[in-house]
Amino acid sequence: MTDFEPKIVAFLCNWCSYAGADLAGTSRMEYPSNVTIIRVPCSGRMNPIFVLKCLMNGSDGVLISGCHTGDCHYSEGNFYARRRFAVLKSFLGYLGIDPRRFQMSWVSASEGDKWAKLIHELVAEIKEAGPNKMGKE
Amino acid sequence: MKIGVFVCHCGTNISATVDVEEAAAAIGKLQNVKLSVTYRYMCSAPGQELIKKAVREESLDRIVIASCSPALHEKTFRKCAEEAGINPYLIEIANIREHCSWVHKEKKEATRKAIELVKIAVAKVARNKPLKKTYVPIEKKVLIIGGGISGVQSAIDISFAKYPAVIVEREPSIGGKMAQFDKTFPTLDCAACILTPKMVTVSQNKYVTIHTYSEIESVTGHVGDFTVKIRKKARSVDLDKCTGCGACFAKCPVKVDSEFDMRLGKRKAIYVPFPQAVPNVPVIDREHCLWFQKQTCGACKKICPFGAINYEMPDEIIEEKFGAIIVATGFTQFDHSVYGEYGYGKYKDVITGLHFERMANSSGPTGGRIIRPSDGKEAQDVVFIQCVGSRDEQKGVPYCSRVCCMYTAKHALLLKEHNKDAQAYVFYIDIRAAGKNYEEFVKKVQDEYGAIYLRGRVSRIFEKKGKLIVRGADTLSGSQIEIKADLVVLATGLIAQGDAVELAQMLHIPYDQNKLFTEAHPKLAPAETITSGIFLTGACQSPKDIPDTVATASAASVKALGLLIQGELEREPLIAKVNTDLCSGCKACVIACPFRAIEMKEIEDKKLKRKRNAAQVIEGVCTGCGNCTAVCRMAAIDLEGFSDKQIMGEIEAL
Amino acid sequence: MRYAYYPGCSLHSTAKEYDLSAKEVARSLGIELMEIPDWICCGATPAHITMNLLSIALPVKNLLKAKSMGSYEVVACCAACFNRLKVANAFMETRDEDRRKVEDIVGEPYRGEVKVRHFLDVLANQFGLKNLKEKVARQLTGLKVACYYGCLLTRPKDITGFDDLEEPHLMDDMMKAIGVEPVNWPYKTECCGASFSLSRTDIVLRLSRDILQMASDEGAQAIVVACPLCQSNLDLRQGMVNKKYNTNFNIPILYFTQVLGLALGIEAKKLGFEKHIVSPLSLLKECSRRLNVGYIPTKREP
């Protein structure tokens, strides 16, 4: 259990969160390497199927990160995402998935430090949730 | 399929923590990867040559570059691919620098993650489709939000190229904060003397339209095609009829504190903010005008020889199209009433830098006399406190406002020129005099004008027997000092305007934690935003002095002109597309689209042999956000560049 | 109104008059102050400059004792005790890691659930200034005082949550309500030298002199305080100040509870005036002469 290194996928919106993660890199902030980033144009692009596929394929955690309220580069995409994924999160238990494995965050392009801090906390939380048994049979 | 993978060392930026050779070797083993090599600087000319040569020799048809963030070089490599003969949209970039080598120290882990990131990119590019850029016409007109020195300079530059510019200024006159200054550092040029010729130039220029006393209501559209609603607030004075004779405000019986004079003097309810105002047409302050408040008086209307007064004038909303927008909204002063140690804004003789400017100005409220606002006596002992609000993480803003050291030195000089027996004391943390002739200026103020510079903070100001007792530290001599001052001038910091966030959200431009608008790149693109077609100049991006403001104004103008000159604008083809065979016509996408870029069109259904409605994307308007794709129940609409197949491919490759 | 009462070490010894007058005022207003049984020292300055955990554990121990009395708020009169109790509460509410260490020391879990108030806050805000005004039985008009808050009552703002940081006014408001004139002076929160009283008396003398001088310049006849150390530095050391700086201050340093007690009609002799070094008796004699009401301690009250 102590050697468990979770595999986490993060879907980042291009304009805010992806740029925020870039800034964390430019600022050389160190954070755990458990998170692999996939770029999407907007958090509103995200389909719940993507999240479920990741989890069913064996990812231990999934994160979607978008722009702060009111700042979405495409006006409203993040509002749709917030609502859509609040619903998904409430179903995860019903599907037999630990709800801790799916999280949403709002990171702006200037919040490199917040991104790094977020990863530290996320990895710690997924470690507590333990390995995802799905997709490993 | 023959995918070529090119892993960049980026000098040692990547190769220091990621074993690029190992990564390239691992990727080379993947299906469809024909070639997997590394190079020191992929973005350089030889690096790009390497790619082109490989494409030729290995007949590659898709490319993956493992390098820095796509934010930096996606365009570079698209162009390179095109030159190599591959469709520019058949490339993908794996970010193994900002998201990997720069944030992980352990080599084994960093390499493993880098390999995974490249794997994903390979899986995605295998599903990319060749795309063609679209072209939209550009509206050849520039909107400039803000009519201060930065907005005025932008207008001058745009109009010089014979393109039309429209300035929308919130106050009744253009000129901004610079119009309030007395003299400017380090030349001691009179601010009005160097500003007003520019103001007159734009007002007389046939290419420039100025809307004063106006605000931006809404902005829709995109680069090349912005639709902007402008609210022209009711001036109550007809701009065409008024000649600026001044009879109206001479007669007006109502006196109100003048905002332009920082409430040190008065103006009338119908007023022109300052004598050199452009336009030189008064405005009625409806909240203080007797006609609007109590339906009495009406003196101005009676006396106006040209019938220019119109009490019934309503606000007017006009709509215009623009190809580019320059944001020049400037700054406002930090409110020092949060500092209880300086009196919470209650002491009349504790003032700000702008108050001092108005006093020093010979056409200001005190006729150029530097006095104590409490009793009107000439100020002899004046204490200047730098960094009020700036460099204060607890109660103010964390950044340095850049100009305060200089304007405080200037004030110390002006004080001595106005009151020859005066003594200036300046409390500072550091002296930042980095511009041309700035250091020499500060030294002159210390040597020739006798200003005493004290390195330390002020802990308290209190009143005793009509004087202000300023208690502070002098760290260079290691003692506590108390100065009996007549006047205290606080160098309050430059902060973002109160409605900066509202404007940023209207324009869809990002802003930082200090509400300053974010530039596209802090070093290489300070005058643009990440939003195509919207440019930044002046203090709304970061506090700066007049030379830098004018420089960024010209920079933003050049960027805007660069767009307009092209006639047609290339649009990225990463937009949504509908497969009408699958579309059920439910309109979920039409509702979800934030830009109303999807409309219903009648199509001929070949199978059912009748007409039905299906969704269609309006190419020029779609911005490629993908919200439609996420809501479509039929998977009929998909987003090029980030299609369902591409994202699924990335997920499966994990 | 019932409270758990934490007097602290000073109020049982060098600041006995504060304890006496506070209890008299409470009795007169129908406020019950139940002294916490077996309370211990709060640690004050010596604890927090030597060992952080000790400085939190000591107040927490007291707060736990208060908790065992029932669900009462704790009232303190001493500014340092008040401040340390509040700091301990803030620490236990927010510092998750360190809280466990303190809980290990005191042997019980605690999360800052026992609320702490200063007596000034209780009287001015909970009892209410308007109600105080109605209870005034003795007119003290003509008495001009400087209200001195010192350091610990209002700082740090996030901990004490009590009155304005730079320009506090609760004591001034209370004085006005009971008919005493508070002077407007700028040294309300200036440091008196605090616990340097023994180790660096020269600093205390200098700072106290400045305070006494400013109060005197602004026309105050007495200084009103809410802290035993402020009182002791300004009162006990006044003679030494006079000697060192060749001044002739004769400014009584009164606790606000003593002044309030007088206004409420409590017998002067019950308020501990004889314990002061700079005697307030002549000032009180003068006030009483002016107003034709006798309240010299030796006389019997009507």
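Note that these values count all heavy atoms, side chains included, but never hydrogens, waters or copies made by symmetry. Within every chain, numbering begins at 1; the chains are lettered A, B, ... in the order of the sequence lines, protein sequences first and strands thereafter.
The cationic group of A:Lys117 does not satisfy the cation-pi geometry with A:Tyr31, failing either the under 6.0 Å distance to the six-membered ring centre or the 45° limit from the ring axis.
When the candidates A:Lys7, A:Glu111, A:Arg39 are compared by the number of heavy-atom contacts under 4.5 Å with chain B, A:Arg39 comes out ahead. Counting heavy-atom pairs closer than 4.5 Å to chain B, the top residue among A:Pro48, A:Pro32, A:Ala109, A:Cys13 is A:Pro32. With respect to chain A, the highest number of heavy-atom pairs below 4.5 Å among B:Cys68, B:Ala592, B:Cys100 belongs to B:Ala592. Residue with the most contacts toward chain A among B:Leu72, B:Ile120, B:Ile509, B:Asn95: B:Asn95 (heavy-atom pairs, distance under 4.5 Å). Ranked by heavy-atom pairs under 4.5 Å with chain B, the first of A:Thr26, A:Asn47, A:Ile49, A:Leu23 is A:Thr26.
If you measure heavy-atom distances from B:Arg112 to chain A, the contacts under 4.5 Å come from the side chain alone. Proximity to chain A involves both the backbone and the side chain of B:Thr623, based on heavy atoms less than 4.5 angstrom apart. Only the side chain of B:Leu639 comes within contact range of chain A, with heavy atoms under 4.5 Å apart. A:Tyr18 touches chain B through backbone and side chain together, each having a heavy atom under 4.5 Å away. Neither the backbone nor the side chain of B:Ser101 comes within less than 4.5 Å of any heavy atom of chain A. If you measure heavy-atom distances from B:Ile530 to chain A, the contacts under 4.5 Å come from both the backbone and the side chain. Using a 4.5 Å cut-off between heavy atoms, A:Trp115 makes no contact with chain B at all. For chain B, the nearby parts of A:Val40 are the backbone and the side chain; heavy atoms of each come within less than 4.5 Å.
Taking each heavy atom of B:Leu516 and B:Ser542 in turn, the nearest pair found is CD1-CA, 4.2 Å.
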Could you give me the CA-CA distance, side-chain angles and deciding distance for B:Ile651 and A:Asn57, then say whether side-chain contact (heavy atoms from CB on, under 4.5 Å) is met?
CA-CA 9 Å; B:Ile651 294 172; A:Asn57 278 3; 4.3 Å; yes
Given B:Glu650 and B:Lys119, is the salt bridge (Lys or Arg N to Asp or Glu O under 4.0 Å) satisfied, shown in steps?
CA-CA 8 Å; B:Glu650 290 180 280; B:Lys119 246 176 83 178; over 6 Å; no
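Side-chain contact annotation: B:Glu519 with B:Thr529, donor-acceptor N/O pair under 3.5 Å absent. Side-chain atoms of B:Tyr89 and B:Glu640 include no donor-acceptor pair closer than 3.5 Å. When only modelled atom types and interatomic distance are considered, A:Thr36 and B:Glu116 share a side-chain donor-acceptor pair under 3.5 Å. Side chains of B:Thr629 and B:Asp638: no donor on one and acceptor on the other come within 3.5 Å.
With a 6.0 Å radius and a threshold of 12 heavy atoms from other residues, nucleotides or ligands, B:Lys587 has its NZ atom at or below the threshold. Counting non-hydrogen atoms of other residues, nucleotides and ligands closer than 6.0 Å to CD of B:Glu74 gives a total above 12. Within 6.0 Å of the NZ atom in B:Lys515, the count of heavy atoms belonging to other residues, nucleotides or ligands does not exceed 12. Enclosure of atom CD in B:Glu502 is not indicated, since only 12 or fewer non-hydrogen atoms of other residues, nucleotides or ligands lie within 6.0 angstrom.
From A:Ile37, atom CD1 reaches atom OG of A:Ser65 across 9.5 Å, with rounding to the nearest 0.5 Å. In this structure, the separation between CD1 on B:Ile96 and NE2 on B:His99 is 12.5 Å, given to the nearest 0.5 Å.
Screening B:His104, B:Glu109, B:Lys113 for a side chain to side chain donor-acceptor pair (under 3.5 Å) involving A:Ser33 leaves a single residue, B:Glu109.
Contact residues of residues 95-105 of chain A toward chain B are absent (heavy-atom distance under 4.5 Å). Contacts from residues 70-87 of chain A to chain B, taken as heavy-atom pairs separated by less than 4.5 Å, involve A:Gly70, A:Asp71, A:Cys72, A:His73, A:Tyr74, A:Ser75, A:Glu76, A:Gly77, A:Tyr80, A:Arg84 in sequence order.
The pair B:Asp644-A:Arg45 meets the salt-bridge criterion, with a side-chain N (NZ, NE, NH1 or NH2) lying under 4.0 Å from an Asp/Glu carboxylate O.
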